[in-house]
Amino acid sequence: MFAETSIGPKNLIQPFFVTEGKNIKDPIGTMPNVFRYSIDNLIKEIAIAAELGIKAILLFPQITKDKKSADAKESYNMNNLICRAIREIKKQKFDIGIMADVALDPYTLNGHDGITDKDDQILNDETIDILCKQSMSLAESGCDVIAPSDMMDGRVGKIRDSLEKNGFYNTKIISYSAKYASHFYGPFRDAVGSKNCLKNSSKNTYQMDFRNAKEAISEVGLDISEGADAIIIKPGMPYLDVISLIKKEFNIPIIAYQVSGEYSMLKIAGENGIFDTNQVFIESLISFKRAGACSIITYAAIEIAKKLIK
Ligand code: PBG
């Protein structure tokens, strides 16, 4: 009766890792109960998510080494893994939105989100041209939401322009606006296979400094002015202050991302009997809503949705 906050499957977004092949369900060592699925198996998982009332999924590809290149050209190949996956999912007519990550890290040889010069420095504007092409291929394949996670300056506006110019007026942009250079992404980089490429190189020339909160206000403001429909803040739990700050400053839907390292921490602790995993997940997901997020991207979405509808 008196609870200020509630949560249901409609507030959860399930990320999926997609891989080549048939009938593949490949476990990820650093993320218990998370798998890389071939497209046929992915469809079965999405059916479960849709049935539970989850409203969106978020796709990430594991790209084979031979398709990675310095210019990341596989990222906009209409027949790349993600575009094929989107077309197959769309055929099923599930009542679920498809979001796809826009960034070059699965496709570059050095694992960076953009293309780089000979000193490994990011080329911001050249990268944006490729991100626009990547977004177009995704939109043409049927993607509902473009989610740029690359953190290049000015990319939301340019992606919006390309979508409009090509008639994709209804494709949404939900941008990762406040994305911090975080070590909590470690397990994700195992999952997509960018960790070995990245080696010890950091992303802190383009992702945010975790010592800064106010800087998030300018990052979010820019993305809104460039045409973002909603924004993502990530990581999640160590950044609840940022969610709450952005909620006070702007009237735009906020999505929190409970990232791979957070997921694995809770999951592995639970598996070791340190606490009740489901209860801890529900508590953590409620904390995002309390802070001001309307939805949460979490690898535990399907698992927790099953508990929430009971
Ligand atoms: C890639 C991307 C990352 C995540 C989402 N998109 C990793 C990174 O920036 O290195 C992290 C998600 C997670 O850790 O769950 N641009």
Side-chain angles (χ1 to χ4, degrees), residues 12-18 28-36 56-63 68 72 74-75 82 99-116 120 122 124 127-128 130-131 134-135 138 145-152 155-156 159 173-210 219 231-239 255-268 281 284-285 288 296-301:
L12 305 178
I13 298 169
Q14 176 71 55
F16 284 113
F17 298 108
V18 195
I28 298 157
T30 49
M31 298 181 77
N33 206 32
V34 178
F35 304 87
R36 298 179 195 95
I57 56 160
L58 173 59
L59 300 177
F60 297 101
Q62 183 195 33
I63 298 299
K68 296 185 193 243
E74 180 67 7
S75 62
I82 284 295
M99 299 172 60
D101 199 75
V102 163
L104 305 183
D105 51 320
Y107 304 99
T108 51
L109 290 165
N110 60 11
H112 275 294
D113 290 16
I115 54 168
T116 44
D120 250 10
I122 289 283
N124 189 90
T127 296
I128 293 179
I130 304 174
L131 298 174
Q134 183 183 21
S135 304
L138 293 167
V145 178
I146 301 293
S149 76
D150 53 283
M151 289 300 275
M152 299 301 123
R155 88 280 204 211
V156 173
I159 293 173
I173 301 179
I174 303 187
S175 75
Y176 296 75
S177 300
K179 174 171 178 180
Y180 287 86
S182 170
H183 282 88
F184 283 98
Y185 306 149
F188 173 95
R189 292 177 187 169
D190 286 332
V192 296
S194 66
K195 191 183 219 150
N196 293 337
C197 305
L198 203 56
K199 301 197 179 74
N200 289 325
S201 183
S202 91
K203 298 192 177 183
N204 53 19
T205 63
Y206 47 105
Q207 297 182 349
M208 285 177 61
D209 183 335
F210 55 75
E219 290 285 357
I231 59 110
I232 302 172
I233 296 176
K234 83 189 245 202
M237 267 165 60
Y239 296 84
I255 297 175
Y257 197 146
Q258 181 171 55
V259 301
S260 56
E262 300 173 62
Y263 168 85
S264 294
M265 267 190 329
L266 302 185
K267 194 76 186 169
I268 293 168
F281 266 110
S284 71
L285 297 172
F288 291 117
I296 305 110
I297 303 167
T298 173
Y299 297 94

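Atoms within a ligand are numbered from 1 in the order they appear, just like the ligands themselves. For clarity, every value in this text was computed on a predicted model and none was experimentally measured.
- In this view, F184 satisfies the ring-ring contact (aromatic ring centres under 6.0 Å, His included) rule with no residue, not counting sequence neighbours.
- Close approach of ligand 1 to R189 is summarised as follows: ligand atoms under 4.0 Å from at least one heavy atom of the residue are 8 (C), 10 (O).
- Counting atoms of ligand 1 from 1 in the listed order, those under 4.0 Å from a heavy atom of Y257 are 12 (C), 15 (O).
- Figure legend: K179 and Y185 shown as a cation-pi pair, the cationic atom lying under 6.0 angstrom from the six-membered ring centre and within 45 degrees of its axis.
- Residue contacts with ligand 1: M151 is excluded, as none of its non-hydrogen atoms falls under 4.0 Å.
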Audit row: N110, T116, side chain to side chain donor-acceptor pair (under 3.5 Å) steps and yes/no:
CA-CA 9 Å; N110 60 11; T116 44; 3.0 Å; yes
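- For atom 14 (O) of ligand 1, the nearest non-hydrogen atom from the set P106, P187, S260 comes from S260.
- Scanning the protein for heavy atoms near atom 2 (C) of ligand 1, the closest one is K179 NZ, 3.3 Å.
- Residue-level proximity to ligand 1 for V259 is carried by backbone and side chain together, each with a heavy atom below 4.0 angstrom.
- If you check each of K203, H112, Q258, E262 against atom 8 (C) of ligand 1, the one with the closest non-hydrogen atom is K203.
- Of all atoms in ligand 1, numbered sequentially from 1 with element shown, those under 4.0 Å from a heavy atom of F60 are 5 (C), 6 (N).
- Near Y299, with a cut-off below 4.0 Å to any heavy atom, the atoms of ligand 1 are 12 (C), 13 (C), 15 (O).
- Contacts between D150 and ligand 1, counted as non-hydrogen atom pairs separated by less than 4.0 Å, are absent for every part of the residue.
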Evaluate the side chain to side chain donor-acceptor pair (under 3.5 Å) criterion for residues Y176 and D101: first the C-alpha distance (whole Å), next the side-chain angles of each, then the deciding distance (0.1 Å), finally the verdict.
CA-CA 9 Å; Y176 296 75; D101 199 75; 3.0 Å; yes
Evaluate the side-chain contact (heavy atoms from CB on, under 4.5 Å) criterion for residues V102 and R155: first the C-alpha distance (whole Å), next the side-chain angles of each, then the deciding distance (0.1 Å), finally the verdict.
CA-CA 10 Å; V102 163; R155 88 280 204 211; over 6 Å; no
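- Side chains of S194 and D105: no donor on one and acceptor on the other come within 3.5 Å.
- Close contacts between ligand 1 and D101 involve ligand atoms 1 (C), 6 (N), 16 (N) [criterion: under 4.0 Å to a heavy atom].
- Given atom 1 (C) of ligand 1, the protein heavy atom at minimum distance is D105 OD2, 2.9 Å.
- On a distance-only criterion, Q207 and ligand 1 share at least one N/O pair closer than 3.5 Å.
- When the ring-ring contact (aromatic ring centres under 6.0 Å, His included) test is applied to F281, the partners found at least two apart in sequence or on another chain are Y263.
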Steps toward side chain to side chain donor-acceptor pair (under 3.5 Å) verdict (S75, Q134):
CA-CA 6 Å; S75 62; Q134 183 183 21; 4.9 Å; no
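- Within a 6.0 Å sphere centred on CZ of F210, heavy atoms belonging to other residues, nucleotides or ligands number 12 at most.
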Please assess F188 against V259 for the test side-chain contact (heavy atoms from CB on, under 4.5 Å), listing each intermediate value before the final yes or no.
CA-CA 8 Å; F188 173 95; V259 301; over 6 Å; no
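- Closest to atom 12 (C) of ligand 1, if we only count protein heavy atoms, is F188 CD1, 3.4 Å.
- Within the listing of ligand 1, atoms 16 (N) sit less than 4.0 angstrom from a heavy atom of A103.
- Closest to atom 5 (C) of ligand 1, if we only count protein heavy atoms, is K234 NZ, 2.6 Å.
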